Amino acid sequence: MNTIKVTLKDGSVRELAADASAYDLALDISDGLARQSIAAEVNGKIVDLNRKIDDGAEVRIITVNMPEAHEILLHSTAHIMAQAVKRLYPDAKVTIGPALEERFYYDFDMPQALTEEDLPRIEAEMEKIIKENQLVSRSEMPRDAVKAFFKSINEDYKLEIIDEIPDEETVSVYSQGEFSDLCRGPHIPSTGKISAFKLLSVAGAYWRGNQQNKMLSRVYGTAWPDKKGLKKYLNRLEEAKKRDHRRLGRELDLFEINEQVGMGLVLWYPNGALLRRLIEDYWYKVHRQKGYELVVSPHVGKADLWETSGHLGFYKESMYAAMDVEGQDYFIKPMNCPFHIMIYKSHQHSYRDLPIRYAELGTVYRYELSGALHGLMRVRGFTQDDAHIICTPDQLNDEVEKLLGFSFDYLKTFGFTEFEVYLSTRPDEKFVGAPESWDIAQKSLKDSLVNMGIDFKVDEGGGAFYGPKIDIKIKDAIGRVWQCTTIQFDFNLPERFEMKYVDADGSFHRPYMIHRAIMGSLERFIGILIEDTAGRFPLWLAPVQVKVLPIADRHFEYSQEIALMLEEAGIRVQTDARQEKTGYKIREAELKKIPYMVIIGDKEAGEGSLSVRKQRLGDLGTMTPQTFLERLQTEIATKQKE
RNA sequence: GCCACCAUAGCUCAGCAGGUAGAGCGGCGGUUUUGUAAACCGUUGGUCGCUGGUUCGAUUCCGGCUGGUGGCUCCA
């Protein structure tokens with residue numbers, strides 16, 4: 001009998017029967033490994049476990065617990081779900097069902113939309129399929145045969161997908177029991193390999209995400225190597241729920257979005273407004289330090305301005321309707337740029353004046369679909385931490401590098417340490433400006449990133465029509481990623497507004513312009529900050545920093561003294577003089593996530609000391625008022641995170 | 001905007017196979033002078049989101065609207 005040789009990850013070589021599959025290899029190594037295995041990596045490519053191995057291949061068995069296995073688990077579970085749905089609702093047509101990062105979904109075209117109530121039934125049917133432990137098999141077939149097959153079972157969507165698969169790619173079908181699905185794979189060897197899954201929600205989703213198309217029923221679910229993993233994930237969802245900024249916003253009295261005021265419009269309560277103001281103050285301070293000039297622009301502008309800027313041409317669907325002012329149309333601003341440009345144009349500028357950096361916390365209004373609104377994260381009126389940098393072509397590199405450094409420093413100040421950076425380049429079809437200008441700008445952006453040693457991904461063709469951009473996303477405390485900073489070139493507006501500067505030789509030139517926002521929007525950034533910190537803001541941002549808790553009425557006078565001393569030192573302090581037990585006052589301060597509590601009883605009043613308690617950590621012991629104040633001041637000055 | 005679901009006291013929620021509602025917390029009043037996450041007693045809170053319809057009668061059933069949630073799309 002012929003044999004083949006395969007190399008394992010550790011470099012060792014094994015001899016197997018000529019027709020051996022990856023599973024046979026796993027079995028040959030150990031029964032335990034075989035049991036745990038769900039796929040194999042052959043010559044760097046992840047394939048099905050029952051795929052035959054070629055002689056000389058380098059093979060690694062993928063077991064359920066490996067990170068690479070998760071996507072397969074999710075994807076295979078999606079198939080099991082589709083199978084279950086087809087069993088329960090034979091009229092359902094399957095469409096697509098990919099794995100996401102920790103979840104999967106499958107979209108179905110249903111005669112009647114699925115609801116939450118259908119989920120337990122589907123889950124039960126899935127359990128059955130898993131118990132049946134059906135073998136999952138892959139077959140590669142000629143396109144026509146595949147099409148004929150899906151046509152025979154009325155899966156129209158699959159036909160549409162097949163037509164879009166590039167010719168050079170092989171078309172494969174995965175089958176388990178009575179269910180077959182067009183799929184690239186790989187998949188688990190049999191349905192019994194799934195041991196922990198849960199369906200999470202149903203939602204509507206347009207076929208191919210296009211509003212013109214039919215609304216499908218989407219079911220989201222998740223799958224994990226074991227029950228423990230599933231439980232951990234579900235706990236994480238719970239944790240995220242606890243951090244939900246909408247809930248904390250109410251609990252901590254930060255803000256409200258009021259029905260009578262209007263959807264997507266934020267009312268900032270005193271605590272939230274204070275938090276916001278602290279961020280604004282810091283923002284103004286560092287921008288002045290970084291050479292920005294602060295400008296202020298109006299909330300509305302005449303139609304002519306928006307005509308010139310092109311917004312009425314390409315952005316109208318996001319703008320609110322015109323208002324008539326003495327026979328003239330005015331529009332509420334969706335962006336600040338035209339105003340900043342008008343400020344630039346008010347004077348003639350020499351090359352010596354550049355770069356000019358105009359910054360404004362500019363509140364803009366954009367029409368967002370009602371269904372897209374979400375707490376502070378997506379609203380209709382929001383404040384951009386906007387700035388426009390106007391410079392000469394040879395100042396570009398320097399400006400971009402400064403800007404990147406500034407952005408990272410700024411975000412780090414708020415405790416964010418992990419970033420994802422994206423460079424988006426010129427779109428294929430629609431763009432303004434000369435391709436050469438794009439090349440210069442893109443090169444400048446790229447060089448800056450490389451020079452600064454920043455890891456980034458390139459989103460080829462992902463730029464706006466008016467220029468390439470760099471986006472920075474931040475990762476929060478529970479690993480979620482949020483888009484904040486955006487640094488965008490603009491070849492459009494300088495042209496439209498005929499911006500210019502006078503060069504050394506006296507000739508006029510068009511300056512380069514960069515739009516940038518570091519936080520993106522204040523509303524959204526604060527929303528992210530709330531979720532990142534779970535409402536436990538760093539001391540420098542906490543609306544109330546210290547709560548003074550006299551134990552009995554006789555301690556009130558000394559408590560007042562302490563509160564006054566702290567207040568005079570610039571600490572935001574409140575005294576809880578109610579006739580309540582200390583435990584009760586502490587509990588309340590804890591729930592309001594006030595960073596420090598100062599407890600004052602006979603002992604403290606007698607010796608002129610303080611008993612200090614830190615939120616969540618508990619009793620820090622007794623210290624002098626001076627020591628405590630110094631501790632606070634250090635923590636504030638260093639903007640230390642909780 | 002579209003699909004599904006949801007809307008009961010300030011908050012969290014129970015209830016009603018149709019006969020106009022209840023708890024805990026909070027608020028208020030009192031007693032307690034209190035030591036590191038909830039003292040005790042009393043009391044006040046609701047056009048059951050709005051609006052039509054069915055019905056002798058609707059918070060409950062049906063329709064419309066408004067708002068919210070999860071998605072789709074877009075993006076700060």
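Everything quoted here is computed from the prediction, not taken from an experiment. Naming convention: chains lettered A, B, ... in sequence-line order (proteins, then strands); numbering from 1 in each chain.
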Okay, side chain of A:E604, backbone of A:G601: is any donor-acceptor separation there less than 3.5 Å? yes
- Would you find a donor on one side and an acceptor on the other, under 3.5 Å apart, between the side chain of A:H245 and the backbone of A:L376? yes
note: A:L252, atom CG; B:G26, atom P; distance rounded to Å ~ 17 Å
Select base, sugar-phosphate, or nothing to describe what A:M263 touches, counting heavy atoms under 4.0 Å on all strands.
sugar-phosphate
Spell out, as yes or no, whether a donor-acceptor pair under 3.5 Å connects the side chain of A:K469 to the backbone of A:L423.
no
For this session: For nucleotides B:G29 and B:U66, find the distance between their P atoms and express it as a whole number of Å.
Result: 42 Å
Tested for salt bridge (Lys or Arg N to Asp or Glu O under 4.0 Å) against A:K93, the lone hit among A:D156, A:D109, A:D107 is A:D156
Counting only Watson-Crick and G-U wobble pairs with both atom distances below 3.5 Å, the stems of 3 or more consecutive pairs that include RNA chain B are B:1-7 with B:66-72, B:10-13 with B:22-25, B:27-31 with B:39-43, B:49-53 with B:61-65
message: Which label fits A:F314 and A:Y466: parallel for a plane angle under 30°, tilted from 30 to 60°, or perpendicular past 60°?
response: tilted
* To do: Using the P atom as the reference point in each nucleotide, state the distance between B:G46 and B:U54 in Å, no decimals.
  => 31 Å
Would you measure the distance from the C1' atom in B:A7 across to the matching atom in B:U47 and give it in whole Å? 16 Å
In whole Å, measure the gap between the C1' atoms of B:A58 and B:U43 for me. 31 Å
Parallel, tilted or perpendicular, judged at 30° and 60°: which one describes the rings of A:H75 and A:H79?
perpendicular
If we take the C1' atom in both B:G18 and B:C11, what is their distance in whole Å?
-> 30 Å
Which part of the nucleic acid, if any, lies within reach of A:T115 when heavy atoms closer than 4.0 Å are counted: base, sugar-phosphate only, or nothing?
sugar-phosphate
Return all side-chain donor-acceptor pairs below 3.5 angstrom for residues 592-600 of chain A, not counting sequence neighbours, or 'none' if the list is empty.
residue: A:K592; atom: NZ; partner: A:E251; partner atom: O; Å: 2.9
residue: A:Y596; atom: OH; partner: A:R631; partner atom: NE; Å: 2.9
residue: A:Y596; atom: OH; partner: A:E635; partner atom: OE1; Å: 2.5

Just distance, no hydrogens or angles: give the donor-acceptor pairs under 3.5 Å from side chains in residues 264-271 of chain A, sequence neighbours left out.
residue: A:Y269; atom: OH; partner: A:E256; partner atom: OE1; Å: 2.9
residue: A:N271; atom: ND2; partner: A:L252; partner atom: O; Å: 3.3

Expected string for nucleotides 32-41 of chain B under the B/S/- scheme (protein heavy atoms, under 4.0 Å, primed atoms plus P, OP1, OP2 as sugar-phosphate) is BBBBBBBB--
Here the pair of heavy atoms bringing A:E155 nearest to A:V94 is OE1-N, 3.0 Å
Scoring nucleotides 10-15 of chain B by protein non-hydrogen atoms under 4.0 Å (B base, S sugar-phosphate only, - none) yields -SS---
Whole-Å distance, A:D253 CG to B:G26 C1', equals 12 Å
Considering only atom P, compute the distance from B:G22 to B:G15 and round it to an integer number of Å.
-> 15 Å
**Message:** For the backbone of A:T383 and the side chain of A:E523, can you confirm whether one donor and one acceptor N or O come within less than 3.5 Å of each other?
**Reply:** yes
Separation of B:C65 atom P from A:E259 atom CD, nearest Å, is 15 Å
Glycosidic torsion of B:G45 (syn if within 90° of 0, anti otherwise) classifies it as syn
Requested in this report: Mark yes or no for whether A:D118, through its side chain, and A:T115, through its backbone, hold a donor-acceptor pair below 3.5 Å.
Outcome: yes
Whether each nucleotide of nucleotides 69-76 of chain B has a protein heavy atom under 4.0 Å at its base (B), only at its sugar-phosphate (S) or at neither (-) is summarised, 5' to 3', as SBBBBBBB
- Item | Separation between the P atoms of B:U44 and B:G24, rounded to whole Å | 13 Å
Give a yes or no on whether the backbone of A:P543 and the side-chain of A:R572 come within a donor-acceptor separation of less than 3.5 Å.
yes
> Has the side chain of A:T425 got a donor or acceptor atom that lies under 3.5 Å from a matching backbone atom of A:G461?
Replying inline: yes
Item to check | P-based separation of B:U20 from B:U60 [nearest Å] | outcome: 14 Å
Is a donor on one side and an acceptor on the other found under 3.5 Å between the side chain of A:E368 and the backbone of A:R380? no
